[in-house]
Amino acid sequence: MQAEITPTHKPQSTPKVLTKTSDKGFNLHVNDKYYAALFLGPSLLILGVFVFYPMVRTLYLSLFLTDNVGRPTVFVGVKNYINLFTSSAYQASLWATLVYVVGVVALTLTLGLLLAQVTVNKLAGIQWFRTIFSATMGVSVSVAAIFWLFIFSPTVGLFDQIAAFLHLPVINWLTDPGWAMVSVTISTVWMNLGFTFLILFGALQMVPQPLYQAAAIEGASSRYQFFHVTLPMISPTLFFTSTVTLIGAFKSFGLIDLMTAGGPNNATNLMVYQVYRDAFLNGNYGLASAESIILAVIIALFTLLQFKFLEKRVNY
């Protein structure tokens, strides 16, 4: 009879992880909240110092009159807001901002989509054009302003040189109130075009080719394919670029400051530049804070309108 062999040691059991059970019945690691605080803490601290506190402080200052260093002196409630909406100068700034934003968004999206559609085709030397069209992403605002100041110069500017060669009337691009807005709009579109082109170009490359092949078999024209195949397939990217371009247009400051300084005759005095004038040139921080709050509300409203009406046309 063979003796029964008994194992001399027991297999080691898996170590237990200390957990606690919540009221809802699922287990949570004890240290999870500490890990969450460790990873989220720095981001929340930075957001609190540089985003949330300035927002609350701006709202607070908009209810006061301030001295020339920004300290609140007299509580006036919503009087700053009433003074703004009854001011003809501020109403002109609102209108100029609306015209500027509409022009920048429409031209940037149209030209960006057109260039992306042209360069997505595999033609000889098309890589050079792609590089040129996206090169504006690496240009700083100050360099772009100097470039366009030279282009719009009434003496050595390229546009006026062409006009003189063709015996056309010379245009005072930056000193004529009617043309100053056109000038800064063209400059801003040129600055934004590289990013928009690159994003839309990537979206066009992701459109499945069998869709075009099926449409061609059915006899669909190129125009029909563009409006019924291309646009629906890249609609999420178009929605994204339109939102980003809209918000960026409302916050445009650098080119305005360097090219026209809000002139001539306040023709390019956008809302952001009006905030800069009242706060840092006139020392009226209470009024500038109210203007900042109004601008933030307008941007939020336009963004919500985009999500409400345009997102319905997006095909995910």
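Looking at every heavy atom in both residues, Pro208 comes nearest to Met233 through CD-CE, 3.8 Å.
A donor and an acceptor atom, one from each side chain of Thr268 and Thr260, are located under 3.5 Å apart.
Residues Met206 and Thr237 have side chains not in contact (no heavy-atom distance under 4.5 Å, counting atoms from C-beta outward). Considering only heavy atoms from C-beta on, Ile234 comes within 4.5 Å of Leu113 through its side chain. Taking the side chain as every heavy atom from C-beta outward, Pro264 and Asp176 never approach each other to under 4.5 Å. No side-chain heavy atom of Gln225 sits under 4.5 Å from any side-chain heavy atom of Val207. Here the side chains of Thr108 and Met191 are not in contact, with every heavy-atom distance at 4.5 Å or above. A 4.5 Å side-chain heavy-atom check between Thr188 and Leu107 finds every atom pair outside the cut-off.
Hydrophobic cluster of Val49: the remaining members, joined at side-chain heavy-atom separations below 4.5 Å, are Leu45, Ile46, Phe50, listed by chain and number.
Other residues, nucleotides and ligands place no more than 12 heavy atoms under 6.0 Å from the OH atom of Tyr53. A 6.0 Å sphere centred on CZ of Phe226 holds more than 12 heavy atoms belonging to other residues, nucleotides or ligands. Annotation: Phe39, atom CZ; neighbour count of heavy atoms from other residues, nucleotides and ligands within 6.0 Å does not exceed 12.
Taking the ring centroids of Phe133 and Phe201, they lie at or beyond the 6.0 Å cut-off. Aromatic pair Phe64/Tyr285: centroids not less than 6.0 angstrom apart. Taking the centre of each ring, Phe152 and Trp179 stay at or above the 6.0 Å mark.
Phe165 and Leu168 fall within a single hydrophobic cluster, where Ile, Leu, Val, Met, Phe, Trp and Tyr are joined by side-chain heavy atoms under 4.5 Å apart, directly or via other members.
Interatomic distance, Ile256 CD1 to Gln274 CD, rounded to the nearest 0.5 Å: 13.0 Å. A distance of 8.0 Å separates CG in Leu246 from CD1 in Ile299, rounded to the nearest 0.5 Å. With rounding to the nearest 0.5 angstrom, the OH atom of Tyr35 is 14.5 Å from the CG atom of Leu40. For the atom pair OG1 (Thr243) and CD (Gln306), the distance works out to 4.0 Å, reported to the nearest 0.5 Å.
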Residues Thr230, Tyr212; criterion side chain to side chain donor-acceptor pair (under 3.5 Å); working and verdict: CA-CA 9 Å; Thr230 303; Tyr212 294 113; 2.7 Å; yes

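With sequence neighbours left out, Tyr224 forms a ring pair (Phe, Tyr, Trp, His ring centres under 6.0 Å) with His228.
When each of Val297, Val101, Leu98 is checked for a side-chain contact (heavy atoms from CB on, under 4.5 Å) with Phe302, only Leu98 meets the rule. The side-chain contact (heavy atoms from CB on, under 4.5 Å) test with Ile151 is passed by exactly one of Leu158, Ile186, Asp160: Leu158.
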